[in-house]
Amino acid sequence: MKIAVLALQGAFIEHEKMLAKLGVSTVELRQKSDLEQTFDGLVIPGGESTVQGKLLRELDLYDGLKERIERGLPVFGTCAGMILLAKQIENDQRVHFATMDIVVKRNAYGRQLGSFYRACEFQGIGTIPMTFIRAPYIERVFGGAEVLATCEGKIVAARQKNQLVTSFHPELNEDLSVHRYFLDMIEHNQ
Ligand code: GLN
């Protein structure tokens, strides 16, 4: 199995390390020619969604990736990556891949809670560490998306077929369970 990690900006190296610990090789996507490789899944890291969205278009990676996601490529978006997949962003007019039936709110926890840690329940896994950094949360899911985790009353993880999103950063903790969940998704898809 090989997983592509969008490596334009943000916390992509941390995802690569998590996947390496799980024995999975990764390939970084930085330019259009990188899409010529074959890969079984895609990770979109946290960072800044506006920057990543702009670079995706400028580097001409946007159409090829959107098409692959729509055709069923398993994708895991964390934080900014989740914002890139949302069909609606409550406090931003510009959407990006817009492939997932979720409404998200950017920087939703306000300034005072810029960065914080909680342990909350993730469906099918149990209680796991969740690190939030200027995090969005999911205002609501609709259509085909289902909630996988809520934390203090806010939706923080969801899934829609081949798409998995978390508003927190599982790559910043030792716990490998959400990455393992994503690999299971890929294996059962095929
Ligand atoms: N605040 C960022 C955004 O709106 C997301 C933060 C993150 O990915 N850690 O894109």
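Counting starts at 1 for both ligands and their atoms, following the listed order.
When each atom of ligand 1 is checked for a heavy atom of Arg134 under 4.0 Å away, the hits are 1 (N), 2 (C), 5 (C), 6 (C). Remark: ligand 1 atoms within the under-4.0 Å shell around heavy atoms of Gly46 are 8 (O). Close approach to Ser49 involves these atoms of ligand 1, each under 4.0 Å from a residue heavy atom: 3 (C), 4 (O), 10 (O). Distances below 4.0 Å separate heavy atoms of Ile83 from the following atoms of ligand 1: 3 (C), 4 (O), 10 (O).
Among protein heavy atoms, atom 4 (O) of ligand 1 sits closest to Arg106 NE, 2.7 Å. For atom 1 (N) of ligand 1, the closest non-hydrogen atom of the protein is Asn107 OD1, 2.6 Å. For atom 5 (C) of ligand 1, the closest heavy atom belonging to the protein is Gly47 O, 3.3 Å. Scanning all protein heavy atoms for the shortest distance to atom 7 (C) of ligand 1 gives Cys79 SG, 2.8 Å.
For Phe116 and Tyr109, the ring centers are positioned less than 6.0 Å apart. Aromatic rings of Tyr62 and Phe97 (six-membered ring for Trp) have centroids within the 6.0 Å cut-off, being under it. Tyr181 and Phe122 have their aromatic ring centers within a separation under 6.0 angstrom.
Grouping Ile, Leu, Val, Met, Phe, Trp and Tyr by side-chain contacts under 4.5 Å, direct or through others, puts Phe142 with Val103.
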Handout entry: Derivation of the side chain to side chain donor-acceptor pair (under 3.5 Å) call for Thr99 and Glu70
Key = CA-CA 7 Å; Thr99 49; Glu70 281 171 343; over 6 Å; no
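Taking a 6.0 Å sphere around CD of Glu174, one finds it holds 12 or fewer heavy atoms contributed by other residues, nucleotides or ligands.
Taking 4.0 Å as the cut-off, His169 counts as a neighbour of ligand 1 on heavy-atom distance.
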With a cut-off of 3.5 Å and sequence neighbours excluded, list every side-chain donor-acceptor pair involving residues 74-81.
| unit_1 | atom_1 | unit_2 | atom_2 | d |
| --- | --- | --- | --- | --- |
| Thr78 | OG1 | His15 | NE2 | 3.1 |
| Thr78 | OG1 | Gly46 | N | 3.2 |

